[in-house]
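Computed from a predicted model, the values in this text were never measured in an experiment.
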Amino acid sequence: MLSELILLYFLFFRIGLFSIGGGYVMLPMLRDELIKKRGWLTDEELLDYYAIGQATPGIIAINTATFVGYKRRGIPGAVISTIGMVTPSLIIIMVIAVFLPRFQEIALVQKAFLGIRVAVSVLLVNTLISLAKKGWKSAVEIILSLAALAAAAVFEVSPVPVIIAGALAGLIKSTVERKKA
């Protein structure tokens with residue numbers, strides 16, 4: 001058990017260290033580490049944890065790490081995974097607070113951040129496409145996804161009502177499917 005707790009800490013430490021850009025950016029890393037390499041989760045479980053992490057108060061990355069840690073090792077796993085995810089941010093924020101005001105006007109630093117934003121965007125789109133392919137099992141799910149995208153991207157609806165509407169649509173869909181069976 002201790003070895004897996006140590007593994008959870010360093011796994012989420014590494015993900016936290018390289019999740020530049022927030023919780024959405026960690027999706028490719030979570031998928032690679034938790035699904036492909038270790039087989040600890042399925043794509044559906046990752047999407048569920050991520051959706052719950054989005055819908056609950058707090059930072060998505062930390063919420064998701066907490067859920068994964070809890071699944072692996074209960075409360076100790078949740079605590080250790082959360083600490084692992086938070087540690088790099090604390091270190092980086094302290095370093096940035098000290099040095100960024102001196103460097104943010106340097107053109108090279110600005111260009112580096114521009115390149116990081118582009119790379120993060122590409123990784124995010126790639127992961128979302130692969131998760132969507134596995135998550136979509138019917139035309140109804142594709143339509144619901146496009147409606148949610150339109151609500152969020154075009155009409156700038158807050159994520160909370162979009163998630164609640166998605167949950168209600170999922171409940172209605174499953175109820176209709178059960179009645180047909």
Residue pairs passing the side chain to side chain donor-acceptor pair (under 3.5 Å) test with at least one member in residues 85-99, sequence neighbours excluded, are Y9-T87
K71: what forms a salt bridge (Lys or Arg N to Asp or Glu O under 4.0 Å) with it, not counting sequence neighbours?
E45
Mind jotting down which residue pairs meet the salt bridge (charged side-chain N to carboxylate O under 4.0 Å, His left out) criterion with at least one end in residues 75-98? Sequence neighbours excluded, please.
none
Among residues at least two apart in sequence or on other chains, which ones pass side chain to side chain donor-acceptor pair (under 3.5 Å) with Y70?
none
Taking salt bridge (Lys or Arg N to Asp or Glu O under 4.0 Å) as the definition, give me every residue that meets it alongside D32, ordered by chain and number, with sequence neighbours left out.
K37
For the hydrophobic clusters of this structure (ILVMFWY residues joined by side-chain heavy atoms under 4.5 Å, transitively), does one cluster hold both V118 and F113?
no
Sequence neighbours excluded, which residues qualify as side-chain contact (heavy atoms from CB on, under 4.5 Å) partners of L17?
F13, P88, I92
Applying side chain to side chain donor-acceptor pair (under 3.5 Å) to K137 and not counting sequence neighbours gives E44
If every non-hydrogen atom of G53 is compared with every non-hydrogen atom of T64, which pair is closest and at what distance?
CA-OG1, 4.5 Å
Answer whether the closest heavy-atom distance between the side chains of F67 and D48 falls below 4.5 Å.
no
Under 3.5 Å, sequence neighbours excluded: what are the donor-acceptor pairs made by side chains of residues 77-86?
unit_1, atom_1, unit_2, atom_2, d
S81, OG, G77, O, 2.8
T82, OG1, T66, OG1, 2.5
T82, OG1, A78, O, 2.7

Report yes or no: do L131 and I143 belong to one cluster of Ile/Leu/Val/Met/Phe/Trp/Tyr joined by side chain heavy-atom distances under 4.5 Å?
no
4.5 Å side-chain heavy-atom contact, K180 and V176
yes
Please say yes or no: joined through hydrophobic side-chain contacts below 4.5 Å, possibly via intermediate residues, are L90 and I93 part of one cluster?
no
Could you see if I6 belongs to whatever hydrophobic cluster contains I15? Use Ile, Leu, Val, Met, Phe, Trp, Tyr and a side-chain cutoff under 4.5 Å.
yes
side-chain contact (heavy atoms from CB on, under 4.5 Å) with I129: which residues, sequence neighbours excluded?
V125, K133
Under 4.5 Å between side-chain heavy atoms, counting indirect links through other Ile/Leu/Val/Met/Phe/Trp/Tyr residues: same cluster for L47 and L146 or not?
no
If you take all heavy atoms of L41 and I35, which pair is closest and at what distance?
O-CG1, 3.4 Å
Any salt bridge (charged side-chain N to carboxylate O under 4.0 Å, His left out) involving residues 99-121? Give me the pairs, sequence neighbours left out, ordered by first then second residue.
none
Partners of W40 by side chain to side chain donor-acceptor pair (under 3.5 Å), sequence neighbours excluded?
none
I'd like to check the side chain to side chain donor-acceptor pair (under 3.5 Å) partners of N126; sequence neighbours left out, ordered by chain and number.
none
For the backbone of Y50 and the side chain of N63, can you confirm whether one donor and one acceptor N or O come within less than 3.5 Å of each other?
no
